[in-house]
Asks: 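One structure, pasted below without further comment.
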Amino acid sequence: MENKREERKGAVLFTPYNRGQSIKKAVSMKRDDILFEIKESKLRGRGGAGFPTSTKWMLTAAATSPEKYIVCNADEGEPGTFKDRVLLFEYPDLVFDGMVIAGYVIGAGKGIVYLRGEYEYLLPSLEDYLEEMRKDNLLGENIAGKDGFNYDIEIRLGNGAYVCGEETALIESLEGHRGEARNRPPFPVTTGFMGKPTVVNNVETLACVTKIVENGGAWFKENGTSKSTGSKLMSISGDCEKPGVYEMPWGTTINELLDMVGAKNVKAVQVGGASGVCLNKSQFDRQLAYEDAGTGGSIMIFNESRDMLHVLKNFMEFFEEESCGQCTPCRIGNTKLLEGVNMIENGDFTFSYINKLKDLGQTMQVASKCGLGQSSPNSFISILENFKDEILNKGNGGTNG
Amino acid sequence: MLVVEKNALTEEIEGLVEKLGNDRSALLKILHEIQKKHRHIPDFAQQEIARLLDIHPVEVYSVISFYAFLNTEPKGRNLVRVCQTITCDMLGKKALCDAITREIGCNFGESTKDHKFHLEYANCLGLCDEGPAMAVNEKVYTKLTPEKAVAILNDIK
């Protein structure tokens, strides 16, 4: 992999930045003022769920506890997502500075990066980077000359479990347990790592915080839509000339995006990874935004030659394997959905059974304990709905978008 | 397992516990180190870790069985994992896997007879823009062709 930082262009994250700049600014500000700037920016979680960052931070800042933690969720397991890999490899300054600022605002003494095991090759360079920050007094004691602000960052490796990207499962894993999601409430903001108040933020969210502290919330809001402010890193893969990570403002339509990456004869776009939805041609004018087609950044493009049933089967095999097995709707549900896909593949299905499976999918969305089971039926339902003529009617009907 | 091997393993685990701590949250770090060195976590190691962390051995086993990267049975020395997610699939994963299977003579999910390789599929390695991708131990290789993939494996001693 090569470092393309010099070539990348963007409005918010892919802009010049010097290490420590925002930390130095932050420690000269009052904690409440930083929280106000983040609230003003309307920053929402970049992992995909879109929870307002300022609310999460305020709740944790308000919790009374001698120990608090910042966790950076770098367990980027969603198929088709690789923006965090690029951020950690090329922009560690934005991510780690964001973690230090979070520690300052919330009053935490320790930050933990949960790096997925598949990215172990990034570890040596990240450890070296942290060592440099310690030398520059950006980590350690009395950071940037601020008396009493002591904070350090540790990197922990995951061990190949997709579900650990879910925040409570991630915390379980950090504590040395099986990565099974917890019941909520209580939420991590009051009862997180080791039972202490914990903020779990996506890599990109923390990088955004660094930029907001540097330039202010109003500046951040200049990009995007009224409900989805700022920009988003999109991981674009599949049938196009220029796959890769792009920064684009929220509100970009799928058509604009396809033009940008040189995608031709596109039949389908999967927005949000395997747990997202699959759109057909008639929906390409939709906007990428939390209020329309929301995404953690994964965009997979499929051209006319692709078999959508094969795509769906690949996704369902993934979920069947990655379901942690803790709750029944997800464990049994994903198995049944995969069985249904196999039935269609073998031409051995009835429409009434497929409709029952769609109902089952809706039950899973409501009844599963964590985000995995709640979102795994999305691709099943959307692909069978948007490409039903190709898959179920064998090309008749002609309404494939 | 010979007594000397057991003693060496105990000593190794004691060293790890001293370095990484003896509280529960150190468990995965310890398991990771053992896995990295031995390519699996033997029963005896599980018992020793449980003893030193003061938890039940079944707790250690339950954690190992949960994570894809941890295993209790020995595997080939070099772990080859080919990404099976749809984007790598579309870029020619099947041809890659067929070539590897032919060349080193074992199927995915198995180890070679000489224990040099273990073949596995992996879920998204996060290299979708540079697929098809493959990881050999901790290293990743991108934009592979069947020929390149086989050459990489042949270069491993």
Side-chain angles (χ1 to χ4, degrees), chain A residues 1 76-86 116-121 123 156-164 173-180 193-194 235-240 242-245 270 273-274 298 300-303 305-306 310-315 317-318 321-322 324-325, chain B residues 20-33 35-36 41 49 53 55 59-71 79 81 83-91 93-94 120-143:
Chain A
M1 264 180 313
E76 183 182 48
E78 190 65 47
T81 317
F82 42 95
K83 64 180 177 67
D84 294 349
R85 181 198 84 206
V86 168
R116 73 186 296 224
E118 285 86 343
Y119 289 172
E120 193 174 346
Y121 56 90
L123 189 62
R156 302 271 288 258
L157 280 171
N159 279 286
Y162 167 74
V163 70
C164 288
S173 177
L174 283 177
E175 291 181 1
H177 295 274
R178 294 162 66 89
E180 290 173 343
F193 181 58
M194 295 301 183
S235 318
I236 301 174
S237 61
D239 296 313
C240 64
K242 294 177 278 183
V245 172
Q270 178 83 16
S298 166
M300 292 190 260
I301 303 168
F302 304 104
N303 70 17
S305 70
R306 303 297 175 188
H310 178 70
V311 173
L312 176 57
K313 190 176 174 185
N314 188 292
F315 290 157
E317 283 172 343
F318 169 76
E321 195 179 315
E322 292 292 351
C324 82
Chain B
L20 302 169
N22 67 349
D23 55 317
R24 178 74 192 241
S25 68
L27 177 60
L28 275 163
K29 286 192 275 190
I30 295 167
L31 293 175
H32 185 84
E33 294 296 326
Q35 171 80 33
K36 205 167 164 180
I41 301 160
I49 294 167
L53 264 55
I55 51 180
E59 289 276 338
V60 179
Y61 179 77
S62 95
V63 167
I64 294 171
S65 66
F66 185 86
Y67 294 95
F69 288 4
L70 306 175
N71 48 281
L79 186 58
R81 293 182 299 126
C83 179
Q84 62 173 354
T85 299
I86 190 70
T87 36
C88 284
D89 185 294
M90 296 195 299
L91 292 164
K93 175 214 85 184
K94 191 169 180 302
E120 258 177 28
Y121 289 118
N123 285 324
C124 198
L125 293 174
L127 294 158
C128 319
D129 54 337
E130 302 181 34
M134 168 175 87
V136 181
N137 302 327
E138 285 82 38
K139 256 189 117 174
V140 291
Y141 301 90
T142 55
K143 294 186 178 165

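Side chains are part of it too, since the values below use all heavy atoms of this structure and drop only hydrogens, waters and symmetry mates. By convention in this document, chain letters (A, B, ...) are assigned in the order of the sequence lines, proteins followed by strands, and residues within each chain are numbered from 1.
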Asks: Restricting to non-hydrogen atoms, name the atom on R178(A) and the atom on S65(B) that form the minimum distance, rounded to 0.1 Å.
Replies: NH1-OG, 3.4 Å

Asks: So which of V163(A), L123(A), L174(A), T81(A) has the largest heavy-atom pair count under 4.5 angstrom toward chain B?
Replies: L174(A)

Asks: Under 4.5 Å from any heavy atom of chain B, what part of F302(A) do you find: side chain, backbone, both or neither?
Replies: side chain

Asks: Under a 4.5 Å heavy-atom cutoff, which of S235(A), S173(A), G117(A) has the most pairs with chain B?
Replies: S173(A)

Asks: What part of D89(B) lies closer than 4.5 angstrom to a heavy atom of chain A: side chain, backbone, both or neither?
Replies: side chain

Asks: If you take all heavy atoms of L125(B) and Y119(A), which pair is closest and at what distance?
Replies: O-CE2, 3.5 Å

Asks: How far apart are the closest heavy atoms of I86(B) and N314(A), and which atoms are they?
Replies: N-OD1, 3.4 Å

Asks: For chain A, which residues from residues 20-33 of chain B have at least one heavy atom closer than 4.5 Å to it?
Replies: D23(B), R24(B), S25(B), L27(B), L28(B), K29(B), H32(B)

Asks: Looking at E118(A), H177(A), E76(A), which has the largest count of heavy-atom pairs under 4.5 Å with chain B?
Replies: H177(A)

Asks: Heavy-atom pairs under 4.5 Å with chain B are the metric here; pick the option from G179(A), G238(A), G244(A) that has the most.
Replies: G179(A)

Asks: Considering only heavy atoms, which portion of T142(B) lies under 4.5 Å from any heavy atom of chain A: side chain, backbone, both, or neither?
Replies: neither

Asks: Work out which heavy atom in N159(A) is nearest to a heavy atom in Y67(B); give both atom names and the distance.
Replies: O-CB, 3.5 Å

Asks: Rounded to the nearest 0.5 Å, how far apart are CD of Q270(A) and OG1 of T87(B)?
Replies: 11.0 Å

Asks: Of the non-hydrogen atoms in C124(B) and G77(A), which two are nearest, and what is the gap between them?
Replies: CB-O, 4.2 Å

Asks: Looking at Q35(B), R81(B), E59(B), Q84(B), which one has more heavy-atom pairs under 4.5 Å with chain A than the rest?
Replies: Q84(B)

Asks: Check whether I64(B) gets within reach of chain A through its side chain, its backbone, both or neither, counting any heavy atom under 4.5 Å.
Replies: neither

Asks: In Å, rounded to the nearest 0.5 Å, how long is the span from CE of M90(B) to OG of S305(A)?
Replies: 8.5 Å

Asks: Which region of K36(B), side chain (C-beta onward) or backbone (N, CA, C, O), has a non-hydrogen atom less than 4.5 Å from a non-hydrogen atom of chain A, or is it both or neither?
Replies: side chain

Asks: With a 4.0 Å cut-off on N to O distance, would you call D129(B) and R85(A) a salt bridge?
Replies: yes

Asks: Name the option with the most non-hydrogen atom pairs under 4.5 Å to chain B; the candidates are M300(A), R306(A), K313(A).
Replies: R306(A)

Asks: Relative to chain B, which segment of C240(A) carries a heavy atom at a distance below 4.5 Å: side chain, backbone, both, or neither?
Replies: neither

Asks: Examine whether an atom of E321(A) lies under 4.5 Å from a heavy atom of chain B, and if so say whether it belongs to the side chain, the backbone or both; otherwise answer neither.
Replies: side chain

Asks: Would you give the length of the straight line joining atom CZ of F69(B) to atom CD of E120(A), rounded to the nearest 0.5 angstrom?
Replies: 8.5 Å

Asks: Looking only at heavy atoms, what is the nearest atom pair of C128(B) and G80(A), with distance?
Replies: SG-CA, 3.4 Å

Asks: Who in residues 130-139 of chain B is close to chain A, using a strict under-4.5 Å heavy-atom cut-off?
Replies: E130(B), E138(B)

Asks: Is it the case that atom OH in Y61(B) sees more than 12 heavy atoms from other parts of the structure closer than 6.0 Å?
Replies: no

